[in-house]
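Report on the following structure.
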Amino acid sequence: MTEWKLPMPSELSDKLQQETIKNLQRFSKGMDLVYRPREPQLGQTPKELIHKKNKSSLYRYGHAADRRHAVPVFMVPNLGISRPYIFDLYPGSSFIEYMVQQGFDFYLLDWGVFGDEDNGLTFDECVTQILPVMVRKLLRASKARQVTVLGYCMGAPLGACYAALYPEAVKNFVNMAGPIDFKQAGLFTTWLDQRHFDIDKLVDAFGSMPSDMVRVGFKMLKPTMDLTTFTNLWWNLWDDSYVEGFLALNKWANEFTPFPGEFFRQWVKEFYQQNKLVRGELVLGGRSVDLSNIRCPLLVVGAKQDNITPPQCARALMDATSGSDKEYVELPGGHISLIAGRGARRNVWPKVSGWIGQRSQEA
Amino acid sequence: MSDGFMNQDLLSMWKRSMDQGMEAWQKLAGQQQAPDISQFWRPMFGQSLDVWTQILKQGMSSPDVLAHWKKFLDDSVEGWSKVLEQAMGTDGFAAAMGKFLDQYMNTVGPVRKSLQSSNEEFLRTMNLPSRKQITDLASQVVSLEARLEALEERIEDLVDSISLLETFVKRATNP
């Protein structure tokens with residue numbers, strides 16, 4: 001028979017007292033959140049605007065005195081979907097702040113929020129017109145000859161196309177959770193299949209991919225996410241640091257941005273439906289995009305529980321490129337937890353900064 | 001027989017009955033690729049049973065029932081999430097979603113177009129600029145900016161070439 005051990009009365013009363021206090025704190029802080037909502041302070045790492053092209057801005061972070069590495073880092077995030085302040089959430093929980101502290105001359109491309117006037121912008125123009133200008137401005141500002149391109153999410157295929165077309169400017173390439181083999185892109189591959197999803201009809205009807213539809217698409221990937229998020233918030237309401245992180249991340253997670261129509265058409269058709277990038281059939285600016293042109297050192301970071309870019313989808317870049325210095329790491333967490341949160345700070349950022357740091361001496 | 005064995009027997013009996021039930025339902029529905037609902041129930045019940053068995057074995061050293069309830073809730077939500085993901089990953093779901101989107105666009109598309117044209121008509125009557133006119137103007141500003149940028153680039157390149165030339169001249173005159 002199982003032996004029943006009754007807790008000591010003093011122990012029981014201590015536990016009950018702790019639990020009661022925690023619940024009172026949850027209640028009072030919950031009321032505070034509802035009746036006195038506060039705006040989280042985001043993106044506080046010092047930055048300077050280097051260049052602006054239409055809606056897109058290139059920012060340089062940190063101070064000159066802190067920069068120790070010769071090769072600047074150019075971060076290319078996703079275009080559309082969400083805003084890039086996830087990379088600089090708040091002090092102590094900011095990827096950019098971390099990279100600046102590690103001595104990198106760090107640049108971020110903020111694609112901006114596109115309006116109806118930009119509906120004609122294509123993926124092609126982003127790679128062959130915006131990225132080259134931004135890199136030129138960056139190299140001029142940093143007085144370097146080459147750059148480490150760090151692509152996150154959709155920024156990775158954008159950056160990979162750039163690196164394949166202009167390999168002379170790229171010293172290192174890092175793919176963080178960026179889709180490369182779109183046949184392995186999970187639910188999106190199934191949903192955007194050309195047998196079911198008529199991209200032409202959608203873009204012709206709306207002109208762009210509206211932010212509300214982007215929201216629905218991403219929420220559908222994990223329908224229970226909101227429930228989990230709010231249960232966890234309630235559970236941790238007594239903890240001020242958790243609430244601070246929640247407010248920042250929640251603001252970001254609910255601020256969706258639209259895609260320019262033609263960009264989205266090309267993105268869905270040529271990447272998700274025809275998988276042209278990994279098959280070597282993609283043509284941008286009249287030139288064929290051959291990923292084997294990427295011969296520089298390559299780091300691919302996949303996230304084990306990523307449902308937007310499953311690890312094998314990002315990993316495909318390892319086989320497609322032709323350099324000899326290549327490394328693939330698969331870290332715990334999902335798509336977002338690669339770039340934000342405690343796990344990212346512990347597992348991902350040191351790995352990425354260490355890898356880039358070792359390869360940031362100019363030849 | 002100890003309680004541990006009894007729990008194990010009960011659990012296997014329950015799992016067996018779940019499997020058989022699922023098989024029967026799948027046959028009845030005649031679907032080869034029906035979402036595996038047992039993937040939801042199995043981990044949920046299995047894990048919660050494990051948790052409670054552990055608690056009973058260790059004795060109730062903690063009155064933290066809420067923590068156990070939270071774990072149970074997390075497991076159930078995760079279970080639901082898995083089952084939904086499996087259902088939404090099927091071709092049938094993608095086809096249904098595509099059909100829905102198609103119908104939505106068939107309805108919304110013409111409505112949007114007629115609304116736009118009537119709005120434009122109204123704004124023209126009121127002698128006010130329409131959204132399309134403002135968008136066109138913004139597009140012109142964007143292309144103007146691009147031209148300016150190209151000019152700026154060329155000037156910067158020229159300045160660079162001149163300074164490079166200056167350096168060469170200085171070196172040549174003062175070896």
Side-chain angles (χ1 to χ4, degrees), chain A residues 1-8 11-16 18-19 22-23 51-55 115-121 125 129 133 136-137 140 186-187 189-198 201-202 204-207 213 216-217 220-225 227-228 231-232 234-235 307, chain B residues 2-4 53 56-67 70 73-74 76-82 84-85 88-91 93-99 101-102 104-106 108-110 112-113 131-132 134-143 145-146 149-150 152-153 156-157 160:
Chain A
M1 287 286 282
T2 309
E3 207 174 303
W4 282 79
K5 276 191 283 175
L6 275 173
M8 297 297 287
E11 196 187 337
L12 193 70
S13 100
D14 279 355
K15 290 265 182 189
L16 275 172
Q18 280 170 15
E19 202 50 49
K22 246 186 202 177
N23 274 317
H51 186 64
K52 194 162 168 55
K53 184 176 169 65
N54 188 8
K55 308 292 186 307
D116 284 350
E117 65 277 15
D118 305 301
N119 278 343
L121 181 80
E125 286 166 4
Q129 288 174 28
V133 169
R136 266 204 300 277
K137 298 287 174 186
R140 194 181 289 274
L187 287 178
T189 303
T190 315
W191 294 349
L192 299 176
D193 190 303
Q194 54 194 348
R195 288 173 299 153
H196 315 304
F197 188 77
D198 190 348
K201 200 170 194 175
L202 188 133
D204 293 343
F206 291 102
M213 290 187 91
V216 171
M220 270 175 65
L221 274 180
K222 193 127 181 138
T224 53
M225 180 63 101
L227 178 63
T228 314
T231 321
N232 286 339
W234 169 79
W235 188 249
N307 55 356
Chain B
S2 79
D3 278 3
T53 313
L56 291 175
K57 271 186 184 163
Q58 285 168 355
M60 286 285 261
S61 58
S62 156
D64 202 354
V65 180
L66 270 177
K70 172 77 169 51
L73 187 75
D74 287 346
S76 341
V77 172
E78 192 48 42
W80 276 113
S81 180
K82 271 183 191 156
L84 285 172
E85 199 178 307
M88 291 191 308
T90 57
D91 229 29
F93 181 83
M97 195 167 72
K99 204 174 249 178
L101 204 65
D102 211 46
Y104 176 70
M105 283 182 298
N106 282 341
V108 170
R112 266 175 69 97
K113 273 200 178 125
R131 186 186 172 88
K132 192 181 173 311
I134 292 173
T135 306
D136 288 347
L137 200 66
S139 300
Q140 280 179 14
V141 173
V142 169
S143 63
E145 264 183 1
E149 190 188 46
E152 196 184 77
E153 281 271 304
E156 275 177 0
D157 287 348
D160 281 354

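Everything quoted here is computed from the prediction, not taken from an experiment. In what follows, every heavy atom counts, from backbone to side chain, and hydrogens, waters and symmetry copies are set aside. Lettering follows sequence order; numbering is per chain, from 1.
- Only the side chain of B:Leu73 comes within contact range of chain A, with heavy atoms under 4.5 Å apart.
- Residues B:Glu78 and A:Thr228 have side chains not in contact (no heavy-atom distance under 4.5 Å, counting atoms from C-beta outward).
- Counting heavy atoms from C-beta on, the side chains of B:Met88 and A:Lys222 never come closer than 4.5 Å.
- The shortest side-chain heavy-atom distance between A:Phe197 and A:Leu202 falls under the 4.5 Å cut-off.
- In this structure a side-chain-to-backbone donor-acceptor pair under 3.5 Å is missing from B:Ser81 to B:Val77.
- Using a 4.5 Å cut-off between heavy atoms, B:Glu156 touches chain A through backbone and side chain atoms alike.
- Of the two parts of A:Asn54, the backbone and the side chain both hold a non-hydrogen atom closer than 4.5 Å to a non-hydrogen atom of chain B.
- The contact between A:Asp118 and chain B is made entirely by side chain atoms (from C-beta outward), counting heavy-atom distances below 4.5 Å.
- Residue A:Asn307: no heavy atom, backbone or side chain, is found under 4.5 Å from chain B.
- At a 4.5 Å heavy-atom cutoff, the contact between B:Asp160 and chain A is made by side-chain atoms alone.
- Side-chain contact between B:Trp80 and B:Glu85 is absent, with no heavy atoms from C-beta onward closer than 4.5 Å.
- When each of B:Leu84, B:Asp74, B:Asp91 is scored by its heavy-atom pairs under 4.5 Å with chain A, the top score falls to B:Asp91.
- Looking at heavy atoms from C-beta onward, A:Asp193 lies out of side-chain contact with A:Thr189 at the 4.5 angstrom threshold.
- In terms of heavy-atom pairs under 4.5 angstrom with chain B, the leader among A:Arg136, A:Lys52, A:Arg140, A:His51 is A:Arg140.
- Side-chain contact between A:His196 and B:Met97 is absent, with no heavy atoms from C-beta onward closer than 4.5 Å.
- Contact annotation for B:Val108: only side-chain heavy atoms (C-beta onward) come within less than 4.5 Å of a heavy atom of chain A.
- If you measure heavy-atom distances from B:Glu145 to chain A, the contacts under 4.5 Å come from the side chain alone.
- In terms of heavy-atom pairs under 4.5 Å with chain B, the best-connected choice from A:Lys201, A:Met225, A:Lys55 is A:Lys201.
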